[in-house]
Protein chains: 2
Amino acid sequence: MPASRINPVKIVPLGGLGEIGLNLLVLECARHAIIIDAGVMFPEERGLGLGRLLPDVSYLEHSKAQLDAIILTHAHEDHIGALPYLLRKSPAPVYGTDVTLAFVRRALSEEGPVGADLRPLSPGTEVLAGPFSIEPVRVTHSTPDSVALAIRTPAGLIVHSGDFKIDPAPVDGVHFDTERFARLGEEGVALLLSDSTNAELEGHSGSESSLKPVLTSLMRRTRRRFFLSSFSSHLHRIRQLAEVAHETGRYVVPLGRRMAESVRLGMETGQLNLPPGTFIERAEAEFLEPRRLAFLASGSQGEPRSALAKLATDTQPLVRIEEGDVVVLSSRFIPGNERTIHAVINSLYKRGAEVLYEPMAPVHVSGHARREELNELIRLVRPRYFVPIHGEYRHLALHRALAIKSGIAERNCFLLEDGDTLVMNAGEIRRGNSVSAGRLVEDGEELGDPSLIRERRALAQEGTVIAIVAVSTRTGKIVAGPHLLARGVVSGDGTSSHLTRARSELVERLQVLDEYRRSDGAQIRDEMVRALRRYFSNSIGKRPMIVPYVMEV
Amino acid sequence: MPASRINPVKIVPLGGLGEIGLNLLVLECARHAIIIDAGVMFPEERGLGLGRLLPDVSYLEHSKAQLDAIILTHAHEDHIGALPYLLRKSPAPVYGTDVTLAFVRRALSEEGPVGADLRPLSPGTEVLAGPFSIEPVRVTHSTPDSVALAIRTPAGLIVHSGDFKIDPAPVDGVHFDTERFARLGEEGVALLLSDSTNAELEGHSGSESSLKPVLTSLMRRTRRRFFLSSFSSHLHRIRQLAEVAHETGRYVVPLGRRMAESVRLGMETGQLNLPPGTFIERAEAEFLEPRRLAFLASGSQGEPRSALAKLATDTQPLVRIEEGDVVVLSSRFIPGNERTIHAVINSLYKRGAEVLYEPMAPVHVSGHARREELNELIRLVRPRYFVPIHGEYRHLALHRALAIKSGIAERNCFLLEDGDTLVMNAGEIRRGNSVSAGRLVEDGEELGDPSLIRERRALAQEGTVIAIVAVSTRTGKIVAGPHLLARGVVSGDGTSSHLTRARSELVERLQVLDEYRRSDGAQIRDEMVRALRRYFSNSIGKRPMIVPYVMEV
């Protein structure tokens, strides 16, 4: 089969396999490449002043392939957030559905001038990019206008699920396209890559629209103001809140720039078709009775400068939480954010609000397929090969086991991590060489340098002691110092008894050096580090970072 | 009523109200005091090298009262962990049940020489301490031998729930003493202080013994080794694991010093009465078939040096996770620990284990009462006044609302935070003055200084730049420098172009100073800080901590 040997397809995940977020997958064939999604996430380690994590795409430079298209499956940050960075490194046309592109435009405008060739994507219409033909297939998810991708390649048909659930009653009436997936299955799918986020959870995730009766009953029984906090990109949730508000005689007030913009994007893309006057400005809200108001607040993850955090700390302009207000946190608490979210909830309670959240009340529905839905997609698509994507290792492992249980041959189910590759050749798939993949982190206005971050981590744990002496260039003798400065270890104003004692120990050590030989800078520095390490370890059980400096005068 | 006015009782919570952990309550009457529980917790902010949080008990010094007794309700760290610290500050006899004192002895021996007068506490036997008479009442909880306290005071009867649940089928057959609580209710309880940990959750927490069939079926279907990770103080859980292991033909191997000691303490106190040979050493385990082994591992919260973390990183001596092993995480994931726990789970999967945890499998039961049980205690005790304890503000607020709903007068339900006090006088309770309360933190071998911790937080975020010049004492002119050193900002070896540029900007500024007047140290320092702040903020968007030093030579 010489023809098939000429055009193998390489499948290269650079993000999202082994860690949630940073989703980015490269497909390569005959020196052409396409990328599916380009996400960001936040580092788990807080307090080091770091920004977002970005996928390391240096592989693209090493690869000889020409990037023909970047295809986005939906509008979430963990799928589109790295696009500005990616476009600066590897410009290419960007394809997305209407809602996705609306959010992409916002992201691009926020990051300063990034040129982008944005092109529409819509279910039923194929996009050609080099040897690839990409067909979006409608799925349901927590942001509207989400798609999976059926990708025809010279080596076989690949289905990429994007993020999905199978919502039996979608809020916008746009259904998961069961039929199309079934027909793809009949056509013969070589490989299914599928979303593993909820692979731990049995059953179905339930319909987003199941929240409407919950919101209706909560809003009806609330005698004062009603607040709902969710991700600002969750247009289904915003729509339901607005519909219920309209039906129960409340006006909707978006709080915060991002939420207001999402509402605008929702209107622009036809996702928020509500009667005029449903959404009002907060200035207008001041003149209305509390029971006529429903607020939309970003910040359901406890983000410090969000609308919800401002309500909790009473720093939100014109709006203040009062006794009897009801606040609904309509989201999953992302692991790592719980304590911050709990602090916000505690503050809201202190201001007199009733706060509702899971599992106290059924006020959130996940946008990701649970095990029965994952099974259903596998049954529809009937792929020969299977790769779980979008998940930590445990999610991928469980999803792979599920696929095997549902009938795919065990040897055809691959558990890949970022940088592991597959090679597909005439419908046969085998593992390829691993490539470099990883995460970069924003640090101030630059990309973080791991050695500097390590230094800051050490400074955070133990603080620093700076030791300075002046040495005569003429005699080689110490003419001033040692002087000690400390930050984060003992009080640094020089009156600390620890600094006094550490200094006298150091003076003694340096005198020994001084007496026996003309000491050089390196010797003095080494001696200062040794002596101070010993002193602080013995006296207070700390290992501060010692910064020695020998000044020649 | 002059007599009653002479002996009011002051209720002073110094920990556990507004934040989970650090539980410590002071009761005072006629210049006598008792303390109930003395717990520790861990700070939410990681990476600052901090140890445990301790309750600030400086109030005890200001109060004129004599401390007659410290009463411990059960053996958990958040109730006994601060005891060594408390005893050093305010020595007093310590009362606890057998199991509690066994764990207290271990805690005291770990913290070096702390003298302690330990005295037994057992349900049905009153303890006298000054004007107080304390009667322990049996409750069920996740550590055996837990008690609530009925405290008779000159001003009325107080019931303190301790940590509790109402377990209908306790593992050790020792039941929650419904009858005794009911009789206390008949006697007339002025005040109930009750555990709010699970006040968000509807229904019952379920019986600890419901885990036994789950463990049995899991252990039966496991063909290789079985690992269970839980808190090492959870003797009920350890007992069930051991019973099931014995019944299914497995030997139990405790991993880690703490777990082995808990097993020893369990045997010593009669909580682990299993046939001889049930528990074996890990050395012996090497010679047995995998399906004959069940391991107990500490570290269900992902603690870095725990047995489970060592299994995950393959650094556990003699024991290595293999394909087909089953690991059960039998605990709640404490908020803030999730990401660490998830990392451990991911590593275990990578080593081929099947890992089970909530909500994937029903492998944990909480030790704290849910709303129906909280209600039941209120109905039994029928207190005139109510104070929710042991919880964050949200838990306390929800528990208070529950108490009001169950019939206690709203004005008699107090929502206190640490340092808020109540005064009880002839069965009437009103709010008292607030007192100083707070948290101290261990930092190395000392107590943390908030200003130093702030410095380390700043160092962690932004790093530090040190600027040094030498000034002649004779001329007042700069004779050497400025020299810049950096840590955590830009590479610190002096070759960084940022340091070179920052230095030349600084040199220019200092020349201006030097030309116009004899500059003094303070002026030079100010100028260095100003110039360097400006440089780094403009060039890389960072605000490093600037440490200026002017050396006189």
Side-chain angles (χ1 to χ4, degrees), chain A residues 18 44-49 200-202 333 335-336 338-339 342 345-347 349-350 355 359-360 392-394 397-398 443-446 449 451-453 455-464 466 468 470 479-481 483 485 487-492 540-542 545 547 549 551-553, chain B residues 18 44-49 200-202 333 335-336 338-339 342 345-347 349-350 355 359-360 392-394 397-398 443-446 449 451-453 455-464 466 468 470 479-481 483 485 487-492 540-542 545 547 549 551-553:
Chain A
E44 41 192 298
E45 217 176 337
R46 312 290 168 94
L48 292 176
E200 290 170 333
L201 302 174
E202 292 295 341
F333 297 173
E338 275 103 340
R339 287 212 181 191
H342 291 162
I345 296 173
N346 289 330
S347 302
Y349 266 113
K350 278 188 205 176
V355 193
M360 275 177 67
E392 297 180 27
Y393 198 93
R394 62 201 165 109
L398 286 165
D443 188 11
E445 286 159 18
E446 312 201 325
D449 171 341
S451 71
L452 298 179
I453 296 166
E455 284 182 356
R456 293 215 297 277
R457 205 176 282 135
L459 289 167
Q461 292 254 359
E462 311 277 357
T464 181
I466 302 143
I468 305 165
V479 293
H483 194 87
L485 301 163
R487 291 291 185 275
V489 194
V490 291
S491 63
I540 57 167
K542 282 268 171 193
M545 182 184 281
V547 182
Y549 186 64
M551 175 166 256
E552 302 194 327
V553 290
Chain B
E44 39 192 299
E45 217 177 337
R46 311 290 169 95
L48 292 176
E200 290 170 331
L201 303 174
E202 292 296 341
F333 297 173
E338 276 103 340
R339 287 212 181 189
H342 291 162
I345 296 174
N346 288 330
S347 302
Y349 267 113
K350 278 187 205 176
V355 192
M360 275 176 69
E392 296 179 28
Y393 197 92
R394 64 200 164 111
L398 287 165
D443 188 11
E445 286 158 19
E446 311 202 327
D449 170 341
S451 70
L452 298 179
I453 296 166
E455 284 182 357
R456 294 217 295 278
R457 205 176 282 134
L459 289 168
Q461 290 254 359
E462 312 278 357
T464 182
I466 301 144
I468 304 165
V479 292
H483 194 87
L485 302 163
R487 291 293 185 274
V489 194
V490 292
S491 63
I540 58 167
K542 282 267 171 194
M545 182 184 281
V547 182
Y549 186 64
M551 176 166 254
E552 301 194 328
V553 291

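Below, chains carry the letters A, B, ... as their sequence lines are ordered, and counting in each starts from 1.
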Nearest non-hydrogen partners of [X] and [Y], listed with the distance:
X        : Y        : result
B:Ala470 : A:Val553 : CB-CG1, 3.8 Å
B:Gly444 : A:Lys542 : N-CE, 3.6 Å
B:Arg456 : A:Leu459 : CD-O, 3.5 Å
A:Gly336 : B:Glu338 : N-OE1, 4.3 Å
B:Leu398 : A:Tyr349 : CD2-OH, 3.3 Å

Completion exercise
Ranked by heavy-atom pairs below 4.5 Å to chain A, first place among B:Gly47, B:Ala480, B:Gly463 goes to B:Gly47
Problem - Contact winner vs chain A - B:Asp443, B:Ile468, B:Val489, B:Val355, heavy-atom pairs under 4.5 Å - result: B:Ile468
Handout entry: Qualifying residue for side-chain contact (heavy atoms from CB on, under 4.5 Å) with B:Arg487, from A:Leu452, A:Val547, A:Ile466
Key = A:Val547
Is it the backbone or the side chain of [X] that comes under 4.5 Å from a heavy atom of chain A, or both, or neither?
X        : result
B:Leu201 : side chain
B:Glu462 : backbone
B:Lys350 : both

Practice task
Pick one of side chain, backbone, both or neither for A:Met360, based on which atoms fall under 4.5 Å of a heavy atom in chain B.
Solution key: both
Fill in the blank from the handout: Under 4.5 Å to a heavy atom of chain B? For A:Glu44 that would be both
Completion exercise
Looking only at A:Asn346, A:Val479, A:Ile540, most heavy-atom pairs under 4.5 Å shared with chain B are made by A:Asn346
Handout entry: Point-to-point distance, once rounded to the nearest 0.5 Å, from CE of B:Met551 to NE2 of A:His483
Key = 7.5 Å
Practice task
Output yes when a side-chain donor or acceptor of B:Glu455 lies under 3.5 Å from a complementary backbone atom of A:Gly488, and no otherwise.
Solution key: yes
Exercise for the section: Would you check if the side chain of B:Arg46 reaches a backbone N or O of A:Glu45 as a donor-acceptor pair within less than 3.5 Å? Expected result: no
